[in-house]
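Worksheet: the structure to be examined is printed underneath.
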Amino acid sequence: MNCLKKYRTLFWILTPKNIMAKEKNLTPRSEDFSSWYNELVLRSELADYSPVRGSMVIRPWGYTIWENMQRALDDMFKATGHENAYFPLLIPISFIEKEKEHVEGFKPELAIVTNAGGKELEDPLAIRPTSETIIMAMYAKWIQSYRDLPLLLNQWSNVVRWELRTRPFLRTSEFLWQEGHTAHASSGEAEEHTKLMLNVYRTFMEDWMAMPPVTGLKSDSEKFAGAVRSYSCEAMMQDNRALQSGTSHFLGQNFSKQFQLTFQTEKGNEEYAWNTSWGVSTRLVGGLVMTHGDDQGLVLPPKLSPVQVVIVPILKGEDHGPVLEKADAIKDALTAKGIRVKIDARDFMSPGNKYYEWERKGVPFRMEIGPKDMATGQVVLAKRMLFGEDSRKEFVPETEALATMENRLDEFQAQLLEAAKRRREDNSYRGIENLDELAEIIDTSGGYVFTGWSGDPAVEDIIKEKTKATLRCIPEEEFQSEKTPTRCIGGEKDSTMEVVWARAY
RNA sequence: CGGGGCGUGGCGCAGUCCGGUAGCGCACCUGCUUUGGGAGCAGGGGGUCGGAGGUUCGAAUCCUCUCGCCCCGACCA
């Protein structure tokens, strides 16, 4: 036994290529998807583990992606009439306890401050797991009449939900997010708003992230604690699992009743306001990784990439001046077009090493400029991911490269979206009518399984027990099958709606 | 919170069975030569072996207790 172990060690030492492979490359997705994910997050410097269990440090590369997401989303929120505000981190426990389902939903995940200023607190404070309660309490103060409605606020913040099992970006005890909270005079208007924001998320995911979700309504067992109805965006990752990547909730009057959020109507009656809340989090960064990443590392859609074009000057011989000057000139020309460019002029690193590094970090395009190119007036372009006729390196005249770069970035963005859409459809199974078939698909390929459902929650339990898949959503019309299912997947009952099943993160 | 695994320079690991005062690869630093897909040579720095206690002349190694992390399950964005 011992002998064998030593032998293997010896063998390993004598094969340096293996060591190199192990250290320089990621575990392939096909071998172990979650190892691939974890390694990628660390190696591409998106994030690092912090000393506190279940929390992570978001490094500049990851944070810039988040900032780019924030900017795009924030513009969309503003365009739909919202303003930003900031509500406090600490919330009286009594607030959270007011809404019965809400407190039940969050109790296991609450972090509570019981001691401060060296003294036990008389009333412990919860670190916000979400801010419905404190915000409703404030809205109750601010809203008197229908003239104060609708009130449309958003906040960018951190929240804490104590997690037993954590994964960078996908599930951490503290995460960054955005939470929108609105108050309306009518149920219909609030529900419309809920759907509007769901659609904002969907548009963002498609247009910016190239991560096309299936959108729909959550079942009662999956909805947000305290909501009347929850809607979600369900994006399919490369391992064919679903990632709930954005939710929008119609809260009805559940919170306004608990917080006395009333207003006087035009006719002089006092009524409870109707609320919505909606959020996306840094989880989206994880979604981005699992949607586009490959075995080389991250692949970033141009619209969100911190750097869209990295220029690698080939520094040969004594005089690096001309090549660096050319790189600067190209950078200026591209920057003037609004393109984010970085020159990697590190002279202690070989070009090949830089190529690997920027590929690992997911930069959409690399431009190489060397003495040979200077002589012929060309540059070398390499695209992070190849589609169709693309070649690994393209030699193009400098003027053409400058003129076409915006188009190339747009095209790349569109190709990523197209590929993700195709993957989603290729792994969607429709017309499935019995449980065994569903279980077979979930167990082998995974993916989205569309079936009929009677609305009976017992069916969800059975399927979860049997396959670990959950009801992701009751899809919006656009995602429904051409042929409407007639039978409930659970057995003999008739189907009243089509639903999507998948294993989820 | 149950089951499994692991804590040894920044990273990945060997050494633990059988106790003798710590080693390998990568990374890092210096110099020279290099640079169009993971450079070469030479020299160099860095570790109270997760922590505490014990056994022993002597502990990374044996014993006890602890802490932490990762993976698999039950709960969740």
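To find a chain, count down the sequence lines: A is the first, B the second, and so on, and within it residues start at 1.
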N/O donor-acceptor pair, side chain Asn353(A) with base G37(B), under 3.5 angstrom: no

Check: Ser391(A) side chain, Lys393(A) main-chain N or O, donor-acceptor pair, under 3.5 Å: yes

OP1 or OP2 of C71(B) under 4.0 Å from side-chain N/O of Asn38(A): yes

Tyr355(A) six-ring face occupied by Arg366(A) cation (under 6.0 Å, within 45°): yes

Side-chain donor/acceptor of Arg161(A) to base of C76(B), under 3.5 Å: no

Sidechain-backbone polar pair: Thr27(A) side chain, Trp36(A) backbone, donor-acceptor under 3.5 Å: no

Pair Lys421(A) + Glu206(A), salt bridge at N-O below 4.0 Å: no

P spacing across the pair C17(B) / G53(B), given as an integer number of angstrom: 22 Å

Sugar-phosphate only, base, or nothing, as touched by Thr172(A) at under 4.0 Å among non-hydrogen atoms: base

side-chain N/O Ser350(A) vs G38(B) OP1/OP2, d < 4.0 Å: no

Verify stack between Tyr355(A) ring and G37(B) base, 5.5 Å, 30 degrees: no

Separation between the C1' atoms of C65(B) and A22(B), rounded to whole Å: 26 Å

hbond_proxy Glu39(A) side chain to G12(B) base (donor-acceptor, 3.5 Å cutoff): no

